[in-house]
Amino acid sequence: MSQFVLLGRRRFAPFFWTQALGAFNDSAFRNAMVMLAAFQMGLPAAEVSLYTNLAPALFILPYFLFSATAGQLAEKFEKTRIIRYVKLFEITAMVLAAWGFHTHNLPLLLAVLFLMGVHSTVFGPIKYAILPQALKQTELVGGNGLVEMGTQLAILIGMVIGNMLMQMAGIGPYLSAALTIGVAAVGYVISRSIPPAPATAPELKFNWNPVSETVRVLGITRRDRAVFNAVLGISWFWFFGTVLVAQLPNYTKLNLGGDASVQTLVLTLFSLGTGIGSLLCEKMSGKRVEIGLVPLGAFGLTAFGVDLFFARHGAAPMLGLTWWSFLHAAGSWRIVLDLTLIGVFAGFYVVPLFAFVQARAPREQLSRVIAGNNILNALLIVAASMFGLGLGLIGFSAPQIFLAAALLNVLVAVYIFTLVPEFLMRFITWVLVNTLYRIRVDGMENIPEEGPALLVCNHVSFMDPLILMANLRRPARFVMYYKIFNIPLLKFVFHTAKAIPIAGQKEDPAVLQRAYDAVDAALADGELVCIFPEGGLTRDGAIAPFRPGVEKILARRQVLVVAMALRGLWGSIWSRRDSMLRRARLPRRFRARVELVVDAPHSPGQADASLLEARVRELRGDFA
């Protein structure tokens with residue numbers, strides 16, 4: 001099922017359009033206000049500069065002041081009711097803006113901009129916390145991709161229309177007022193169709209002190225190291241994007257030689273690229289929360305950021321180009337490609353991070369984690385502005401600032417991936433599995449989304465754990481033969497995935513006992529554990545009898561048991577039939593078509609080795 005089907009579902013579509021219209025209105029109002037100050041009022045350049053630099057600061061200030069409070073609201077109260085109040089607040093703010101447009105009252109418009117910052121601050125924790133309540137686990141990545149795409153396009157369209165309307169002589173302020181009030185009203189009407197989203201922490205004791213609550217929210221955000229580093233990654237995305245977008249006006253004029261239409265074109269390329277990358281995440285991740293895409297996104301941001309510098313780092317050979325003449329100028333298509341692909345890889349980078357935070361953070365704390373994320377985002381946006389301003393003051397050109405941000409991205413990525421090796425591990429797994437195999441999965445919904453379970457599967461190739469790791473929607477602890485665990489190239493992946501090495505009783509009884517203890521501890525902690533009960537790779541493609549180890553595990557800990565079967569792996573690369581380690585010829589089945597079939601779970605106490613072996617044989621059918 002395509003993610004676009006969600007746009008026809010009541011549990012998603014009204015929310016999608018409500019948030020998109022809100023993003024549109026933010027952008028349209030801000031750009032209309034800037035156009036009024038810069039071109040309609042005849043103000044001196046110094047005063048225009050004051051207002052245009054003050055505007056972003058006023059918009060972002062509420063994120064520091066009210067994010068922690070907004071996180072509490074989203075946890076304690078039913079979310080759709082808050083959304084409707086937020087939309088009514090938006091209508092009120094736009095009515096005030098209409099008077100400001102009519103009277104050319106810039107202080108009033110700046111006050112409204114602050115109110116729109118409050119609007120976005122309160123809506124932010126709800127925006128991402130409501131998705132796990134409305135969507136299935138398999139829809140989370142696709143839903144986030146749609147939201148990110150919708151937000152980017154709404155901001156872009158709002159910018160274009162806000163600029164265009166305000167430039168209409170005489171009637172610009174009135175058209176802008178009518179548009180923003182009308183969009184706010186439509187957003188409110190649509191918000192009334194959003195299904196209820198119950199409070200996740202109704203017993204939460206409300207703290208009205210924004211300082212102490214901000215400290216507490218940041219503490220909650222830091223509790224899970226992987227979640228916190230995902231939040232840092234999201235904040236870095238905003239840093240990188242802010243640096244890029246802030247330099248585009250000078251870059252367009254001085255390095256591309258373009259007019260305002262070229263400025264619109266380069267913003268469009270970046271926004272469309274981000275939207276495309278966001279939508280591709282579902283296809284590339286197989287509808288899983290696949291954080292393996294994050295290192296890929298980080299690589300692309302650096303690669304195409306560096307290439308953007310080399311594509312045009314000197315002064316433009318011609319000035320005053322329109323968007324059409326720019327596209328026909330020499331070397332322009334390389335710049336177009338770089339800007340678009342920076343956006344695409346930005347989508348690969350940020351969408352999985354948001355989905356990871358939503359999937360990993362405790363449901364009753366998710367809104368406050370998102371609030372903590374918004375606080376850190378605001379800090380990094382301010383830091384990005386200072387970064388770009390500082391480099392500009394010491395003489396850096398826009399392309400040189402792009403290059404500095406792209407290289408700094410390498411350091412940030414190494415820092416995050418070193419602290420949380422799971423990101424790099426998932427990337428290696430994703431690349432290996434998607435390079436070597438074409439995989440179809442059936443019955444993944446049979447694996448419980450939470451709580452302990454023992455997974456049992458036939459064992460065909462050395463790649464079986466990686467194939468399962470890349471397709472399971474929950475992390476699992478794999479029990480594997482200790483010699484496979486210690487393969488040099490893959491040891492990092494298995495160690496990071498907390499695989500459990502095991503040996504035979506005659507080989508190393510101590511390793512065997514530690515394995516049983518580790519399995520029992522993992523199940524006691526509510527984790528998934530996956531074992532290959534045959535005790536080794538198949539030598540002829542047939543399933544070997546299951547060993548009694550599975551029954552020893554179940555005797556110590558009664559949990560759900562799920563049988564799985566891999567089809568189509570026999571004869572593929574790294575199965576015994578064509579193992580490159582055993583033969584001096586190339587494997588015959590590179591990019592093999594593989595199926596993973598998952599059975600319905602067996603209740604605790606209802607499965608033994610013989611029953612599970614029979615079920616795996618049935619699931620495998622006539623395939624090897």
Side-chain angles (χ1 to χ4, degrees), residues 138 283-293 296 422 424-447 453-481 483-485 487 489-502 528-538 541-544 562-581 587-599 616-617 619-621 623-624:
T138 56
K283 177 69 174 177
M284 296 179 69
S285 65
K287 299 186 178 182
R288 297 179 304 278
V289 178
E290 182 51 82
I291 59 173
L293 292 177
L296 177 65
E422 184 179 354
L424 190 57
M425 178 271 291
R426 293 292 303 189
F427 173 66
I428 294 172
T429 302
W430 181 82
V431 170
L432 281 174
V433 171
N434 285 279
T435 300
L436 299 176
Y437 304 99
R438 290 166 291 175
I439 302 173
R440 189 179 76 85
V441 180
D442 184 27
M444 189 58 69
E445 68 278 1
N446 290 324
I447 295 178
L454 183 68
L455 313 179
V456 299
C457 189
N458 59 317
H459 204 3
V460 186
S461 79
F462 292 102
M463 292 292 289
D464 292 355
L466 293 183
I467 291 172
L468 296 176
M469 199 181 298
N471 286 278
L472 295 175
R473 296 193 184 105
R474 284 179 60 190
R477 303 281 300 277
F478 287 86
V479 181
M480 61 178 58
Y481 186 45
K483 290 185 178 178
I484 296 178
F485 180 91
I487 292 175
L489 181 62
L490 299 178
K491 185 175 181 179
F492 165 77
V493 174
F494 296 142
H495 183 269
T496 304
K498 298 180 181 179
I500 301 170
I502 195 169
L528 293 180
V529 176
C530 182
I531 64 171
F532 302 97
E534 296 166 89
L537 297 181
T538 178
I543 294 177
V562 180
M564 307 186 298
L566 287 166
R567 300 172 174 174
L569 270 171
W570 180 246
S572 69
I573 188 170
W574 283 314
S575 65
R576 287 195 182 275
R577 177 178 173 184
D578 283 311
S579 171
M580 293 179 68
L581 300 177
R588 288 179 295 183
R589 294 190 55 217
F590 184 75
R591 291 286 291 165
R593 293 185 180 274
V594 176
E595 292 183 75
L596 171 62
V597 187
V598 184
D599 194 19
V616 172
R617 289 181 183 275
L619 292 172
R620 196 194 64 162
F623 294 87

Kindly indicate whether the side chain of Val616, heavy atoms from C-beta on, has any atom under 4.5 Å from the side chain of Ile543. yes

The side-chain contact (heavy atoms from CB on, under 4.5 Å) partners of Ala544 (sequence neighbours excluded) come to Glu534

Report yes if some heavy atom in the side chain of Arg567 is under 4.5 Å from a heavy atom in the side chain of Val597; otherwise report no. yes

How far does CD of Glu595 sit from CD1 of Ile439, to the nearest 0.5 angstrom? 11.0 Å

ring-ring contact (aromatic ring centres under 6.0 Å, His included) with Phe532: which residues, sequence neighbours excluded? His459

So do the side chains of Val598 and Ile447 get within less than 4.5 Å of each other, counting heavy atoms only? yes

Derivation and outcome, side chain to side chain contact (heavy atoms under 4.5 Å, CB included), residues Phe478 and Ile500: CA-CA 6 Å; Phe478 287 86; Ile500 301 170; over 6 Å; no

Pick from Leu472, Val529, Val479: which one makes a side-chain contact (heavy atoms from CB on, under 4.5 Å) with Leu455? Leu472

Working to the nearest 0.5 angstrom, can you tell me the gap between Asp599 CG and Met564 CE? 11.0 Å

How long is the gap from CG on Leu566 to CG on Asn471, to the nearest 0.5 Å? 9.0 Å

Is the closest side-chain heavy-atom distance between Asp464 and Cys457 below 4.5 Å? no

Set of residues satisfying side chain to side chain donor-acceptor pair (under 3.5 Å) with respect to Asn458, sequence neighbours excluded: none

Check side-chain contact (heavy atoms from CB on, under 4.5 Å) between Leu466 and all other residues, then give those that pass, not counting sequence neighbours. Thr429, Leu432, Val433, Met463, Met469, Leu490, Val493, Phe494

Are Ile531 and Leu454 packed together at the side-chain level, in the sense that at least one heavy-atom pair is separated by less than 4.5 angstrom? yes

Minimal non-hydrogen separation, Val594 against Gly568, with atom names: CG2-O, 4.3 Å

